S.K.: 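Handing you a structure now.
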Amino acid sequence: MPKTNFDILWIILSSGLVFFMQAGFLCLESGLTRTKNSINVAIKNITDFGIATLVFYSIGFGLMFGATYNGWIGKDMFFPDFSKTSPETSVFFLFQLMFCGTAATIVSGAVAERMKFGAYIIVTTIISSLIYPIFGHWVWGRDLQDWNQFTGWLAHLGFMDFAGSTAVHSVGGWVGLSAMILIGNRTGKYGKDGSVRKITGHNLPLAMLGTLILWFGWIGFNGGSTLAFTSEVPKIIVNTMFAASGGMASSLIYGWIRLKYAEATLPLNGTLAGLVAITAPCNAVNSIESLLIGLVAGILMFEAGVILDKLKLDDAVGAIPVHLVSGIWGTLAVGFFGDLSILGTGLDRSTQILIQLLGVVSCAILSFGVSYPLLFIIHRFYSLRVSPQNEYQGLNYTEHRATTELIDLFLEMEYQKQTGDLSQDLSIEPFTEVGQIAERYNLVLDKIRTNIKEKETLAVELEHNLSLLQSDLSTARKIQSGIISQEDKLTGDLEITVRYLPLTEVGGDFFDIMELRPGLTRVFLADATGHGVQAALLTMAIKAIYESLKRGIYSVTEILYHLNNEFLHTFKNLNQFFTCIVVDIDTNMNLIRYSSAGHVPQYLIQDKDIHSLEKTGRIMGVIPNTKYTSNEIQFTQDSKVILFTDGLFEQWNSQKEEFGEERVEAIIGNLKGIPIGEGIDQILKKLDEFLDGSPKQDDISVLGISRKTKK
């Protein structure tokens, strides 16, 4: 306890340093939150200290330092009149008040961006009036008439917490955890798939400034806990610096290794973790041990944050890893590293560790065990959390009606976004940066309005042109329908099933069936690239050339050769391509002879086998004078040929899965013994089931060829 006026001055200065830490917490927490909540966080940090002062003065100080009731609670010194007490008692109250305010403000960061302001005042009151004073009595309670006489039961057992790793920081951490669990996570923080969305603070330089202020204030936090300016003070302050630097270094390096980049908040929280950890053992360890304690604290802080995300517990600023986890580690470090002669408890090393562990558990039982039930009951009658709408808008405005020029600008823009009403200009605040932004935005709005009027005029014209286009498309569809017969055919000894399904009014597939002479039928199938009007025009070009060739005495290879050359000569500027296949079916000789220009494999079902009609040359429209080869296959009485365009299998369902060639081949392989028309309808039915309502993406043409059914 202070014995001289200089001791009193040192405690006053230390109290000022600890009070300055409130500014550090304000900068840190408001910097690590989003702009729309930064004012709310700042107001909480100011308000909690004022509330803590009133509550600790009226109730807390008496519970903590009043005459003890069996080492559990103080029972007097409520509303003390310090004008009638010694200056030592007054300055002692002042220093302890700063610690109480620190414990209360820790909760602010953990529940930032979603707890009501009124609920936070309730939490601050519970900590300041009940939890912190009672645990403080267990650890630091003493007879104010005999400063050296500790009264708390944990202190009697030998529990040591020099400046409050547990008594201050873990208390705030446990209460923050209970409140955090009750009110839930910020909207959008965790995805349904377990993904974690990183919500970046609006002003990281401000948060870094807050960390430096806290680091500076910790000189008074730990150094002032001697309660006198003794020779131990320099050592305590130096140990504090070493641990803070160790926590910063280990968290940065370890996190860099784990994340593969230097995450911006690691030096901040790593430094604070080291400071919290050294708070309990700073008077009883040497420099190397201080550095080691900080190094371990930085790593524990990082891993604790990872665990919280796995558990989907949203700590807005990392208060739980920094204050709770590091506070526990620092308290246990007293037993692991503390000089037993300095501790003066008379315990051996293992017993000291067990007593430190007992203190940690006791703090958890009291802090979490009291705060969670109390807040749970309160939450049943008065919601601790803001509404989703208020959270979306931000607590600055919804809780405090606190706006800035920028927020006002955003509100007006949000109204325009929600209503779509762009008829009014934004309000302009002259001679400000925001006003200049609004002025430029209004110029953009004016341009948009002009464009909208022009587009409305164009829309009327477009609607008129569209009606003309629809009429033209209808005519084109009728023309194409006349060119491409969609009815089943009987040609010679063959039955031919036709299924033609254009994607739009007109399609890019073309086929022709012609009996060259009795017993010899030629089938031509082409697939132009794309679909719609462009592809339909291309098929007309293909048809025109094919019509000029098909009545000539050409083999299947010769007709492809001439078709390719004529197409390139006539339409060389189109830069368009197409695939096709020509199949001659000779029912007299029971042969199929075909040639395929890059067309997808077609199929022949024969007996129990399925044969693939592979391509025999490159696609049309690429290189002139391209030579094509042909293949021959037996065409028995029970043979069936299925010809189709790639639109049959190049169809995708809502799961981005393709119908695919393999699926088509498997279905065709099961059509043995089934009439060809029925088989093709089965294929198309399977495709519809596969798409399950998803729209088709390409034209589909399917031709099925078999011998006539004998009566």
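The shown structure was predicted, so the numbers you read here are calculated from the model rather than taken from an experiment. All values below come from the heavy atoms of this structure, side chains included, with hydrogens, waters and symmetry mates left out.
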S.K.: List the atom of Ala110, the atom of Val317, and the distance in Å for their closest heavy-atom pair.
M.R.: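 Between these two residues, the closest heavy atoms are N-CG2, 4.3 Å.
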
S.K.: Between the side chain of Arg258 and the main-chain N/O of Trp256, is any donor-acceptor distance below 3.5 Å?
M.R.: no

S.K.: Considering only heavy atoms from C-beta outward, does the side chain of Gln96 approach that of Phe65 to under 4.5 Å?
M.R.: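 Yes - at least one pair of side-chain heavy atoms lies under 4.5 Å apart.
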
S.K.: Between Thr331 and Thr166, is the side-chain hydrogen bond (donor to acceptor under 3.5 Å, both in side chains) condition met? List the steps.
M.R.: CA-CA 6 Å; Thr331 304; Thr166 291; 2.4 Å; yes

S.K.: Hey, what do you get for OG (Ser30) to CG (Leu26), rounding to the nearest 0.5 Å?
M.R.: 5.0 Å

S.K.: In chain order, what residues pass the side chain to side chain donor-acceptor pair (under 3.5 Å) check against Ser290, with sequence neighbours excluded?
M.R.: Asn239

S.K.: Would Trp138 and Phe135 count as a ring pair (Phe, Tyr, Trp, His ring centres under 6.0 Å) if you check the C-alpha gap in whole Å, the side-chain angles of each, and the deciding distance to 0.1 Å?
M.R.: CA-CA 5 Å; Trp138 296 356; Phe135 190 76; 5.8 Å; yes

S.K.: With a 3.5 Å distance limit and no angle check, can you tell me whether Asp315 reaches the backbone of Ile320 through a side-chain donor-acceptor pair?
M.R.: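 A pair under 3.5 Å: yes.
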
S.K.: Thr187 side chain to Pro388 main-chain N or O, any donor-acceptor pair under 3.5 Å?
M.R.: no

S.K.: Hey, does the side chain of Gln393 reach the backbone of Asn390 with a donor-acceptor pair shorter than 3.5 angstrom?
M.R.: no

S.K.: Under a 4.0 Å threshold between the charged nitrogen and the carboxylate oxygen, would Arg34 count as salt-bridged to Glu113?
M.R.: yes

S.K.: Just by distance, do the side chain of Asn40 and the backbone of Asn396 share a donor-acceptor pair under 3.5 Å?
M.R.: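 No; zero donor-acceptor contacts below 3.5 Å.
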
S.K.: Report yes if some heavy atom in the side chain of Ser362 is under 4.5 Å from a heavy atom in the side chain of Leu366; otherwise report no.
M.R.: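 They are not in contact (no side-chain heavy atoms under 4.5 Å apart), so the answer is no.
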
S.K.: Cationic tip of Lys44 within the cone over Phe49's six-membered ring, i.e. under 6.0 Å and within 45° of the normal?
M.R.: no

S.K.: Out of Arg186, Lys189, Arg385, Lys116, which one pairs with Glu391 under the salt bridge (charged side-chain N to carboxylate O under 4.0 Å, His left out) rule?
M.R.: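 Of the listed options, the one satisfying the test is Arg385.
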
S.K.: Could you check whether Asn45 and Gln22, counting side-chain N and O atoms only, form a donor-acceptor pair closer than 3.5 Å?
M.R.: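 There is no such pair (donor and acceptor under 3.5 Å, judged by atom type) between the side chains of Gln22 and Asn45.
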
S.K.: Kindly check if the number of other-residue, nucleotide or ligand heavy atoms within 6.0 Å of CZ (Phe20) is above 12?
M.R.: no

S.K.: Compare all side-chain heavy atoms of Asn70 with those of Trp153 and state whether any distance is below 4.5 angstrom.
M.R.: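 Result no, sub-4.5 Å side-chain heavy-atom pair not found.
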
S.K.: Pick one: which of Val107, Val175, Leu375 meets side-chain contact (heavy atoms from CB on, under 4.5 Å) with Ile126?
M.R.: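 Exactly one option meets the side-chain contact (heavy atoms from CB on, under 4.5 Å) with Ile126, and it is Leu375.
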
S.K.: Regarding Thr265 and Glu263, is there a side-chain donor-to-acceptor distance under 3.5 Å anywhere?
M.R.: yes

S.K.: Taking all non-hydrogen atoms of both residues, which atom of Tyr382 and which atom of Ala119 are closest, and how far apart?
M.R.: OH-N, 3.8 Å

S.K.: Look up atom OG in Ser250 and atom CE in Met301, then write down how far apart they are to the nearest 0.5 Å.
M.R.: 7.5 Å

S.K.: Please determine, by modelled atom types, if Ser371 and Ser178 share a side-chain donor-acceptor pair under 3.5 angstrom.
M.R.: yes

S.K.: As an exercise, state the distance from CD1 of Ile131 to OG1 of Thr125, rounded to the nearest 0.5 Å.
M.R.: 11.0 Å

S.K.: To check you understand the geometry: which heavy-atom pair defines the closest contact between Ala277 and Trp329, and what is its length?
M.R.: CB-CD1, 3.7 Å

S.K.: Compute whether any side-chain donor of one residue and acceptor of the other, for Ser86 and Thr89, lie under 3.5 angstrom apart.
M.R.: yes

S.K.: Could you walk me through whether Trp218 and Thr279 satisfy the side-chain hydrogen bond (donor to acceptor under 3.5 Å, both in side chains) test, starting with their C-alpha distance in whole Å, then the side-chain angles of each, then the deciding distance to 0.1 Å, before giving a yes or no?
M.R.: CA-CA 9 Å; Trp218 232 284; Thr279 297; 2.9 Å; yes

S.K.: Check step by step if side chain to side chain contact (heavy atoms under 4.5 Å, CB included) holds for Trp10 and Ser14.
M.R.: CA-CA 6 Å; Trp10 169 239; Ser14 296; 3.4 Å; yes

S.K.: Quick one: does any side-chain atom of His379 pair with a main-chain N or O of Ile183 as donor and acceptor, under 3.5 Å?
M.R.: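 Side chain of His379 to backbone of Ile183: no pair is present.
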
S.K.: Taking atom OH as the centre, does Tyr392 end up with more than 12 heavy-atom neighbours from other residues, nucleotides or ligands that are less than 6.0 angstrom away?
M.R.: no

S.K.: Just by distance, do the side chain of Thr398 and the backbone of Gly394 share a donor-acceptor pair under 3.5 Å?
M.R.: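 Yes; at least one donor-acceptor contact below 3.5 Å.
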
S.K.: Taking the side chain as everything from C-beta on, heavy atoms only, tell me whether Phe162 gets closer than 4.5 Å to Trp140.
M.R.: no

S.K.: How far apart are the C-alpha atoms of His323 and Val171, what are their side-chain angles, what is the distance that settles it, and do they pass the side chain to side chain contact (heavy atoms under 4.5 Å, CB included) test?
M.R.: CA-CA 9 Å; His323 296 282; Val171 164; over 6 Å; no

S.K.: Quick check: does any side chain N or O of Tyr190 sit under 3.5 Å from a backbone N or O of Leu313, one acting as donor and the other as acceptor?
M.R.: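 Present.
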
S.K.: For a 4.5 angstrom cut-off between non-hydrogen side-chain atoms, does Ile11 reach Phe92?
M.R.: no

S.K.: For the side-chain hydrogen bond (donor to acceptor under 3.5 Å, both in side chains) test, which of Gln149, Lys75, His137, Arg142 pairs with Thr68?
M.R.: His137

S.K.: How about Val322 and Val276: do any of their side-chain heavy atoms sit closer than 4.5 Å?
M.R.: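 Yes, their side chains come closer than 4.5 Å.
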
S.K.: Flag the pair Ser251 / Asn269 as yes when at least one side-chain heavy-atom distance between them is below 4.5 Å, and no otherwise.
M.R.: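 In short, these two side chains do not touch, never coming nearer than 4.5 Å.
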
S.K.: Do other residues, nucleotides or ligands put more than 12 heavy atoms under 6.0 Å from Ile288 CD1?
M.R.: no

S.K.: In Å, rounded to the nearest 0.5 Å, how long is the span from CG of Leu266 to CG of Leu252?
M.R.: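 Rounded to the nearest 0.5 Å, the CG-CG separation comes out at 6.5 Å.
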
S.K.: Taking all non-hydrogen atoms of both residues, which atom of Ala280 and which atom of Ser165 are closest, and how far apart?
M.R.: N-OG, 2.8 Å

S.K.: Atom CG in Leu347, atom CG in Leu340: separation rounded to 0.5 Å?
M.R.: 8.0 Å

S.K.: Between CE of Met241 and CD1 of Ile236, what distance do you get to the nearest 0.5 Å?
M.R.: 12.0 Å

S.K.: Under the criterion side chain to side chain contact (heavy atoms under 4.5 Å, CB included), I'd like the reasoning laid out for Ile181 against Tyr372: C-alpha separation, chi angles, the key distance, then a yes or no.
M.R.: CA-CA 9 Å; Ile181 293 172; Tyr372 187 87; 4.2 Å; yes

S.K.: Does CZ in Phe216 sit with more than 12 non-hydrogen atoms of other residues, nucleotides or ligands closer than 6.0 Å?
M.R.: no

S.K.: For Asp348, does the CG atom have more than 12 heavy-atom neighbours from other residues, nucleotides or ligands under 6.0 Å away?
M.R.: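 Yes.
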
S.K.: Determine the minimum heavy-atom distance between Phe78 and Ser58, stating which atoms define it.
M.R.: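 Closest pair (atom of Phe78, atom of Ser58, distance): CB-O, 3.5 Å.
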
S.K.: Between Glu399 and Phe117, is there a donor-acceptor pair closer than 3.5 Å when you use the side chain of the first and the backbone of the second?
M.R.: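 Yes: the side chain of Glu399 pairs with the backbone of Phe117.
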
S.K.: Is there a donor-acceptor pair under 3.5 Å between the side chain of Thr226 and the backbone N or O of Phe229?
M.R.: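 Answer holds: no.
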
S.K.: Parallel, tilted or perpendicular for His169 and Phe221, by the 30°/60° rule?
M.R.: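 His169 vs Phe221 ring planes: tilted.
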
S.K.: Should the pair Phe95 and Phe99 be assigned to parallel (<30°), tilted (30 to 60°) or perpendicular (>60°) ring geometry?
M.R.: tilted

S.K.: Quick one: are Val370 and Leu130 in side-chain contact, heavy atoms under 4.5 Å?
M.R.: yes

S.K.: Would you kindly say whether Ser108 and Glu29 are connected by a side-chain donor-acceptor distance under 3.5 Å?
M.R.: yes

S.K.: Over all heavy atoms of both residues, which pair between Val233 and Ala228 is shortest? Give the atoms and the distance, please.
M.R.: CG2-O, 3.8 Å

